[in-house]
Amino acid sequence: MSLLDNISKDKKTKYQKLEEKLALKKKSAWEQFTDKQRKEAFKLCDDYKSFLDRAKTEREAVKEIEAFAKKKGFSEIGEAKELTPGSRVYDIYRNKNAALVIAGKRPITEGARIIVSHVDSPRLDLKPHPLYEDSGLAMMKTHYYGGIKKYQWVNRPFALHGVVTKKDGTTIDIVIGESEKDPVFVISDLLIHLSKNSQDKRLASEALKGEELNIIAGNIPVTDNKVKHKVKLAILEHLYDKYGLVEEDFASAEIEAVPAGTSKDVGFDRSLIGAYGQDDKVCAFASLAASDSVKIPEHTTIILFYDKEEIGSVGNTGARSNYIEYLFGELLEMSGKHVSDIEVRKALMKSSALSADVSAAVNPTFKDVHDAHNSSFCGFGALLEKYNGYGGKYSASDASAEYVGIIRKMLNDNKIPWQLGELGKVDEGGGSTIAVFFSNYSMDIIDLGVPVLGMHSPFEVVSKADMYSAYMAYAAFLES
Ligand code: MN
Ligand code: MN
């Protein structure tokens, strides 16, 4: 008989039993999973990593989502004639938004089940006039997109992804820096040896300034002394020869500098994923994958993917646009309904939604910014956030006790590992997501996503257990 056997036979005390009955237990999702679930989590994360590598920008993500939809038998919204229970349609809007819809048994006027995520991520956009020459180098000016700690984005390889609409109106795709043979791009930081009196004195938030995020583009001049900017001209010549571009074409371009390279497993046990753009492609992919398990749902399920979340969900492809109203009107009409404004509003109002976005996991090195009792931890499951916002719940969408109750019951009934947390300490800072904009339609909505380490850095980290838990949660929600 071993020592362990002895311990397990010890009788529990009265208060141990009481504790078991009353107190909240926090347990790692890894410990809650069956062996089969662990295997499935790893398998799903392999698919997720290849999605991440193909979908670094919002346009690329939308292309992947469209390809998925076609493969899974969704038809384009304009082509489908009517919606009957189980009908699958998709819509792509301006190459930056996507919607996947599976018609439910009940009419959409009884409300839909919506999961909404975003497919844009922080990055460096080339300015409309990016190219210049200085000190023998061709350089490119950038304007960062979303919230970044600028010092994290220097001395590392970048790839350029995007589109250019040329003078003749045609648009070309550009991806440079992802294949083994491609060149990459870089922003060089100031060397340590000469930082003492200047950069070292700056606050970390200003260690690099916006106008210092200049990308190296080349070094070989044309051989003609009558030309002033010889290196810049050589780069323009290259761009013309290879892509047919002239300098003015940058004015009608969207070229994003994103970290080059592929996503990686992290840790000896490969339990985590490190990659660029996991905010919010981890939730986007998990909700996309969850749609696969839905056959004929009770309520119409809508999986939405938006752009521009990182700059406040603004613009014609952000979640503050009227797109959702159009979509509901279209779906009502396709269901053979007479569409009135009031019906669209009722359908939106009666809907239930999950804002599928990431939040901060506790970083063991920087625990002070969190309230340990109300924070999320890597590997402890899908993260439910009743509210976000900042100091005093300002600008928050605060889900009702009743709605949290419904979602909590769904998670528990389906044995899905979950945790409930806030972003950080009350007065430490904050942020918000799409939830607040969708709550304008008076629907129930709550954040349910994945905790992330190093959010908005070029190499964000998530636990595979949390990604899989979120996937399970989305699948259960879509069938609810
Ligand atoms: Mn996000
Ligand atoms: Mn973000």
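In listed order, ligands and their atoms are each counted from 1. Note that the coordinates shown come from a computational prediction; the quantities given were computed from them, not determined experimentally.
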S.K.: Just jot down the ring-ring contact (aromatic ring centres under 6.0 Å, His included) partners of Tyr93, sequence neighbours excluded, or say none.
M.R.: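 For Tyr93, the residues satisfying ring-ring contact (aromatic ring centres under 6.0 Å, His included) (neighbours in sequence not counted) are Tyr323.
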S.K.: How about the Mn ion (ligand 1), which protein N, O or S atoms come within less than 2.8 Å?
M.R.: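 Near the Mn ion (ligand 1), the protein supplies His118 NE2, Asp279 OD1, Asp357 OD1, Asp357 OD2.
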S.K.: The criterion is side-chain hydrogen bond (donor to acceptor under 3.5 Å, both in side chains); which residues satisfy it with Lys350, sequence neighbours excluded?
M.R.: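 Partners of Lys350 under the side-chain hydrogen bond (donor to acceptor under 3.5 Å, both in side chains) test: none.
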S.K.: Check the pair Glu178, His161 against side-chain hydrogen bond (donor to acceptor under 3.5 Å, both in side chains), reporting the backbone distance first and the verdict last.
M.R.: CA-CA 9 Å; Glu178 297 293 0; His161 291 230; 2.7 Å; yes
S.K.: Which atom pair, heavy atoms only, marks the closest approach of Pro259 to Phe158?
M.R.: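 Result for this residue pair: N-CD2, 3.8 Å.
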S.K.: Please work out whether the ring planes of Tyr390 and Tyr394 are parallel, tilted or perpendicular, with thresholds of 30° and 60°.
M.R.: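 Tilted, since the angle between the ring planes falls between 30° and 60°.
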S.K.: Who passes side chain to side chain contact (heavy atoms under 4.5 Å, CB included) against Arg345, sequence neighbours left out?
M.R.: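 Side chain to side chain contact (heavy atoms under 4.5 Å, CB included) check on Arg345 returns Asp341.
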